[in-house]
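Reading through the structure tokens given below for one structure.
Only a predicted model underlies this, so the values are computations on that prediction, with no experimental measurement involved. Residue numbers count from 1 along this sequence.
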Amino acid sequence: MKIIDFHTHTFPDKIAAPALDSLQASSNSRAHTDGTVSGLRDSMDKAGIDVSVILPVVTNPVKTSSMNQYAARLNESFEETGVFSIGGIHPETPDMKAVIKEAAKLGLKGLKLHPDYYGIMFNDIKMKRLMSMASEEGLFILTHAGMDIGLYPPICCTIDSIIDVLGDVKPETLILAHMGGWMNWEEVMERLAPVVADYNSSSDEGKGVYLDTAFSIGEIDWLDESYHKSYHQMSDDCFRRMVKVFGADRILFATDSPWADQKDYVDRLYNMGLSENELEKIFHINAEIIL
């Protein structure tokens, strides 16, 4: 079965080691690759993954354009590597409209948002303008949702903020990472699912709202197991219920590599008790339609 991992991260070779050291320290969790593209490629080979989608996280607004140009250069080797990068964006990027147009011309397909790193709520007017411009250029939005293991409250992408964006901005394609809100999955099913179902009922194929499975199942590989004992991933039963509530045609397989082991995620999904048809949709069909 073809497998597309829709949520991975890498760093340029020169900064991969210090970047991983810093992120491991802030999250107290262990990385499963060395953070480079070649390290991701090795992980894909072990897991039987055909394509990995890289999501750049832009923390410095003045570097948005250069990071997207770097992403486009990575994509020139896609046929050899199976690694494809989308673009990144920061809500305070200078000349944002031009930068978003450039991302579309570079063929980056979508933009990754991480409101917690910006310190800006997902439904802030700056974010809404950004998402509106992205939709105009045919770019999907993939945002971190819920708590971040390496950061602390306040949470910037909440269920209320997502509902507000769907009602006000109406983005063409919005992907909510970490199954709609990390560690908030019961509320995601209770409050967000009905809104999403209504939203998706009037969306064309490949449009509307999706969830990705990144850093949501299995076990967290803590550096110090006595730390953050209250943090946890969803149970297998919770995952199966979310697939039933949202529909397998709205779930994207994703790992958050290097913060989860790709092979472990593939094995776990195969053992969730899902049907062959559901697995096909989650592992690659949904991703192929979007991309």
Side-chain angles (χ1 to χ4, degrees), residues 3-8 52-53 55 86 109-116 122 131 140-149 155-166 169-201 203 205-218 232-257 259-260 265-266 268-269 272 274-275 277-291:
I3 301 176
I4 299 174
D5 184 343
F6 213 93
H7 187 142
T8 69
S52 282
V53 180
L55 312 181
I86 66 168
K109 302 293 185 181
L111 298 174
K112 166 65 188 284
L113 304 182
H114 202 311
D116 298 67
F122 182 61
M131 286 183 271
F140 67 78
I141 292 292
L142 193 156
T143 184
H144 174 89
M147 187 182 295
D148 186 287
I149 195 173
I155 299 168
C156 291
C157 186
T158 63
I159 289 175
D160 286 334
S161 68
I162 294 167
I163 292 172
D164 181 32
V165 165
L166 292 178
V169 180
K170 297 179 174 59
E172 274 200 350
T173 306
L174 175 64
I175 302 166
L176 304 172
H178 315 298
M179 295 300 283
W182 194 65
M183 277 195 59
N184 197 23
W185 300 296
E186 293 295 337
E187 190 176 1
V188 167
M189 284 188 280
E190 292 170 8
R191 296 188 55 225
L192 186 58
V195 177
V196 167
D198 182 62
Y199 193 84
N200 287 343
S201 67
S203 298
E205 185 180 58
K207 309 298 183 184
V209 180
Y210 291 80
L211 311 183
D212 84 24
T213 67
F215 203 76
S216 297
I217 60 176
H232 60 86
Q233 307 291 39
M234 65 169 59
S235 67
D236 290 356
D237 177 67
C238 180
F239 179 80
R240 286 187 289 266
R241 285 190 289 124
M242 291 200 78
V243 172
K244 184 176 181 179
V245 167
F246 283 89
D249 58 342
R250 290 291 167 175
I251 310 290
L252 298 165
F253 176 73
T255 64
D256 210 2
S257 176
W259 306 113
Y265 259 57
V266 170
R268 286 180 183 276
L269 198 62
M272 281 288 184
L274 302 178
S275 70
N277 181 253
E278 289 172 323
L279 288 173
E280 290 274 7
K281 290 178 178 179
I282 295 170
F283 269 135
H284 70 96
I285 291 174
N286 300 335
E288 288 169 333
I289 293 170
I290 293 172
L291 293 173

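The CG atom of Asn184 sits 9.0 Å away from atom OG1 of Thr158, with the distance rounded to the nearest 0.5 Å. Note that the CG atom of Leu274 and the NZ atom of Lys244 stand 12.5 Å from one another [nearest 0.5 Å]. The CG atom of Leu142 lies 8.0 Å from the CG atom of Leu174; values are rounded to the nearest 0.5 Å. The line from CG of Asp237 to OG of Ser235 is 5.0 Å long, rounded to the nearest 0.5 Å. Atom CG of Leu111 and atom CD1 of Ile141 lie 5.0 Å apart (nearest 0.5 Å). Put simply, CD1 on Ile162 and CG on Leu176 are 4.5 Å apart, with the number rounded to the nearest 0.5 Å.
Remark: the Asp5 side chain and the Thr255 side chain contain an N/O donor-acceptor pair separated by less than 3.5 Å.
The minimum heavy-atom distance linking Thr143 with Pro115 is given by the pair OG1-CD, 3.4 Å. Nearest heavy atoms, Ala214 versus Ser216: O-OG, 2.9 Å. Between His178 and Asp212 the shortest heavy-atom distance is N-OD1, 3.0 Å. For Lys112 against His7, the heavy-atom pair with the smallest separation is NZ-NE2, 4.1 Å. Scanning all heavy atoms of the two residues, the minimum distance from Val266 to Phe283 falls at O-CZ, 4.0 Å. Taking both residues in full, the closest heavy atoms of Asn200 and Gly208 are given as OD1-CA, 3.3 Å, listed atom of the first, atom of the second, then distance.
Counting only heavy atoms from C-beta outward, the side chains of Glu172 and Ser203 never approach each other to under 4.5 Å. Contact check for Leu269 versus Thr213: no side-chain heavy atoms found under the 4.5 Å cut-off. Side-chain contact between Val195 and Val209: absent, with no pair of heavy atoms (C-beta onward) separated by less than 4.5 Å. Side-chain atoms of Val53 and Thr8, non-hydrogen and from C-beta on, never get closer than 4.5 Å to each other. Considering only heavy atoms from C-beta on, Ile149 comes within 4.5 Å of Trp182 through its side chain. Residues Ile3 and His284 are not in side-chain contact: their nearest non-hydrogen atoms beyond the backbone lie 4.5 Å or more apart. Between Pro194 and Tyr199 there is no side-chain heavy-atom pair separated by less than 4.5 Å. Counting heavy atoms from C-beta outward, Arg241 and Glu186 have side chains that approach closer than 4.5 Å.
Taking the six-membered ring for Trp and the full ring otherwise, Phe6 and Phe140 have centroids separated by under 6.0 Å.
Using modelled atom types, one side-chain atom of Tyr265 and one backbone atom of Ile217 make a donor-acceptor pair closer than 3.5 Å. A donor-acceptor pair under 3.5 Å links the side-chain atoms of Arg240 to the main chain of Met272, judged by distance alone. In this structure, His144 contributes its side chain and Gly146 its backbone to a donor-acceptor pair below 3.5 Å. Between the side chain of Asn286 and the backbone N or O of Ala248 there is at least one donor-acceptor pair closer than 3.5 Å.
The aromatic rings of Trp185 and His232 sit perpendicular, their planes meeting at an angle over 60°, well past the 30° parallel limit.
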Practice item. Under the side-chain contact (heavy atoms from CB on, under 4.5 Å) rule, what do Met242 and Leu211 come out as? Steps first, then yes or no, please. Key: CA-CA 10 Å; Met242 291 200 78; Leu211 311 183; 3.9 Å; yes
Practice item. Starting from the C-alpha separation in whole Å, work towards a yes-or-no answer on side-chain contact (heavy atoms from CB on, under 4.5 Å) for Leu55 and His114. Key: CA-CA 10 Å; Leu55 312 181; His114 202 311; over 6 Å; no
Point to revise | Verdict with reasoning, Val196 to Phe246, per side-chain contact (heavy atoms from CB on, under 4.5 Å) | key: CA-CA 8 Å; Val196 167; Phe246 283 89; 4.1 Å; yes
Exercise for review: Would you sort out whether Glu187 and Leu192 count as a side-chain contact (heavy atoms from CB on, under 4.5 Å), showing the intermediate values?
Suggested key: CA-CA 7 Å; Glu187 190 176 1; Leu192 186 58; over 6 Å; no
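Partners of Arg250 according to the salt bridge (charged side-chain N to carboxylate O under 4.0 Å, His left out) rule, which considers only residues two or more places apart in sequence or in another chain, do not exist here.
Within the structure, the salt bridge (Lys or Arg N to Asp or Glu O under 4.0 Å) test picks out the following pairs touching residues 278-291 (sequence neighbours left out): Lys2-Glu288.
Using a 4.0 Å cut-off between a side-chain N of Lys or Arg and a carboxylate O of Asp or Glu, Asp160 and Arg191 qualify as a salt bridge.
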